[in-house]
Amino acid sequence: MSKKAERQLSRRDFLRGVGALTGALTLESVTGSRVEASETEVAPDAVGVLIDLTRCTGCRTCEAACKAAHGFPPPDGGETSLSADTLTYVDVRENVEGADGPLHVKRQCMHCVHPACASACTVGALHKTPEGPVTYNAGKCIGCRYCQYACPFGVPAFQWEETLGLIAKCDFCINRLEEGQQPACVSDCPTGALKFGKRRALLREAAARMDTHPDRYLNHVYGEHEAGGTSMLYLSPARFEDLGFPELGSQPIPRRAEFVMKQTPMVALTVATAASGLCWLRTRREESGACVEAGKKERTKR
Ligand code: SF4
Ligand code: SF4
Ligand code: SF4
């Protein structure tokens, strides 16, 4: 690896550590506070996925489909959390009140209508598209992990095993959507537990299912209003808080992240200045070291 590349890595590692630290300090300081938000706006054509827990058998075909679509190794059957190469997994919930047997809850990014992750990201690596998906641009990401602290669903995963770890999360199979296909998990689900479509149509369908089978469903679509709404919508026979879903109310969360970011420009400026200064000093030291080495080699040749 060239000296220049090494210097770039060092500076990035440093900034990443500092970013993570300041993220922890600043976002944690306002955790739990509710910031005023404006009315939620959802594009009429925005898409979503209806996840019907009464139809999910826990076969985990969706996990395998997601991994295959993203070029990850196949699942070993033991996925219990999201990670850098597990963008979705099926969470098994036993002994839940209101359910006849275990409930299988597919977890992934919720593709929030107002994503806190995107609001917290200072470099624009996360982006809410008008069509619904919240996309991630690894080329912009500096690995500061602000998005991890901001997300109310604990979704963004960090590539801890990589030297230059970045963020990983469900991308709504945006490449497949652009080609007119459905998300891989939806396409391969054999039971119809996952349904892709326009968010508004999915909400109508959810209402119809609840009306038709009031004995089967709780009268609640998780994601219709939570945190200002999400693109992933859940139907369940059991209370969502008993299934590990956070109770968020209907206010969008991003305002909280924006508020924090606006309160910390001096912290950010100080950190950036210190990082640049240290990087400059380190660069000078490495360059002079490189000159000494070059000089030694030159003298050896003679
Ligand atoms: S669930 Fe988390 S990572 Fe996904 S869009 Fe919402 S805030 Fe972002
Ligand atoms: S939408 Fe795509 S990326 Fe997201 S969980 Fe499904 S298969 Fe994985
Ligand atoms: S593929 Fe469908 S039925 Fe199987 S675990 Fe995933 S969501 Fe449930």
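Computation of the quantities below employed the complete heavy-atom set of this structure, encompassing side-chain atoms and omitting hydrogens, waters and symmetry-equivalent molecules.
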(message) With ring-ring contact (aromatic ring centres under 6.0 Å, His included) as the rule and sequence neighbours excluded, what pairs involving residues 183-221 come up?
(response) His220-Phe240
(message) Rounded at 0.5 Å granularity, tell me how far CD1 in Ile142 sits from CD1 in Ile167.
(response) 11.0 Å
(message) side chain to side chain contact (heavy atoms under 4.5 Å, CB included), that's the test. Do Thr86 and Lys67 meet it? Break it down for me.
(response) CA-CA 7 Å; Thr86 301; Lys67 283 180 183 273; 2.9 Å; yes
(message) Just verifying a value: how many Å separate Tyr146 OH and Cys141 SG, rounded to the nearest 0.5 Å?
(response) 13.0 Å
(request) Mind checking the OG1-CG spacing from Thr80 to Asp91? Nearest 0.5 Å is all I need. (result) 8.5 Å
(message) Quick one, Val221 and Leu235 - any side-chain contact, counting heavy atoms below 4.5 Å?
(response) yes
(request) State plainly whether one hydrophobic cluster holds both Leu194 and Val47, where clusters connect Ile, Leu, Val, Met, Phe, Trp and Tyr through side-chain heavy atoms under 4.5 angstrom apart. (result) yes
(message) Could you see if Leu233 belongs to whatever hydrophobic cluster contains Leu177? Use Ile, Leu, Val, Met, Phe, Trp, Tyr and a side-chain cutoff under 4.5 Å.
(response) no
(message) When you measure from the side chain of Lys198 to the backbone of Pro44, do you find a donor-acceptor pair of N or O atoms at a distance under 3.5 Å?
(response) no
(request) Output yes when a side-chain donor or acceptor of Thr191 lies under 3.5 Å from a complementary backbone atom of Arg55, and no otherwise. (result) yes
(request) Using the rule that two of Ile, Leu, Val, Met, Phe, Trp, Tyr join whenever any of their side-chain heavy atoms come within less than 4.5 Å, decide whether Met110 and Ile174 are in one cluster. (result) no
(message) Could you tell me if Asp85 and Ser83 have a donor-acceptor pair between their side chains, going purely by distance under 3.5 Å?
(response) yes
(message) Testing Val105, Val49, Leu218, Leu243 one by one against Tyr234 for a side-chain contact (heavy atoms from CB on, under 4.5 Å), which residue passes?
(response) Val105
(message) The test is side chain to side chain contact (heavy atoms under 4.5 Å, CB included); show your working for Phe172 and Met232 and say whether it passes.
(response) CA-CA 10 Å; Phe172 218 133; Met232 300 296 174; 4.0 Å; yes
(message) I want to check something: taking the side chain as every heavy atom from C-beta on, are Glu226 and Pro152 in contact at a cut-off of under 4.5 Å?
(response) no
(request) Determine, stepwise, if the pair His111 / Lys169 fulfils side chain to side chain contact (heavy atoms under 4.5 Å, CB included). (result) CA-CA 10 Å; His111 295 275; Lys169 76 168 198 70; 3.6 Å; yes
(request) Kindly say whether Tyr89 contributes a backbone atom to a donor-acceptor pair with the side chain of Arg107 at under 3.5 angstrom? (result) no
(message) Can you confirm whether more than 12 heavy atoms, excluding those of Glu97, are under 6.0 Å from its CD atom?
(response) no
(message) Check for me, please, whether Met210 and Leu202 land in the same ILVMFWY cluster - side-chain distances under 4.5 Å, paths through other members count.
(response) yes
(message) Test side chain to side chain contact (heavy atoms under 4.5 Å, CB included) on Cys189 and Lys106; report intermediate values, then the result.
(response) CA-CA 11 Å; Cys189 174; Lys106 181 181 178 295; over 6 Å; no
(request) Give the minimum heavy-atom separation between Val134 and Cys112, together with the two atoms involved. (result) CG2-O, 3.9 Å
(request) List the atom of Arg216, the atom of Pro237, and the distance in Å for their closest heavy-atom pair. (result) O-CB, 3.3 Å
(request) Could you list the residues that satisfy side chain to side chain donor-acceptor pair (under 3.5 Å) with Arg60, not counting sequence neighbours? (result) Glu63
(message) For Arg209 and Thr54, which I'm curious about, is there any donor-acceptor pair between the side chains at under 3.5 Å?
(response) no
(message) As a test of understanding, state which of Cys62, Cys170, Cys173 forms a side-chain contact (heavy atoms from CB on, under 4.5 Å) with Cys185.
(response) Cys62
(message) Whether Arg239 engages the ring of Phe245 as a cation-pi pair (distance to the six-membered ring centre under 6.0 angstrom, angle to the ring normal within 45°) should be assessed.
(response) no
(message) Main chain of Leu87, side chain of Gln108: is a donor-acceptor contact present, judged purely on distance under 3.5 Å?
(response) no
(request) Mind jotting down which residue pairs meet the ring-ring contact (aromatic ring centres under 6.0 Å, His included) criterion with at least one end in residues 115-144? Sequence neighbours excluded, please. (result) none
(message) So, taking the atom named SG in Cys117 and the one named CG in Leu126, what distance separates them when rounded to the nearest 0.5 Å?
(response) 4.5 Å
(request) For residues Thr88 and Cys66, report the shortest heavy-atom separation together with the two atoms involved. (result) CG2-CB, 3.6 Å
(message) Using modelled atom types and a 3.5 Å cut-off, is there a donor and acceptor pairing between side-chain atoms of Arg199 and backbone atoms of Glu224?
(response) yes
(message) Looking at every heavy atom in both Asp242 and Arg93, which two are closest together, and how far apart are they?
(response) O-NH1, 4.0 Å
(message) Let me confirm one number: the CG-CD distance from Asp52 to Glu205, rounded to the nearest 0.5 Å.
(response) 9.0 Å
(request) Give a yes or no answer on whether the side chain of Lys128 reaches the backbone of Gly132 with a donor-acceptor pair at less than 3.5 Å. (result) yes
(message) Is there a path of hydrophobic side-chain contacts, each under 4.5 Å between heavy atoms, that joins Tyr222 and Val96?
(response) yes
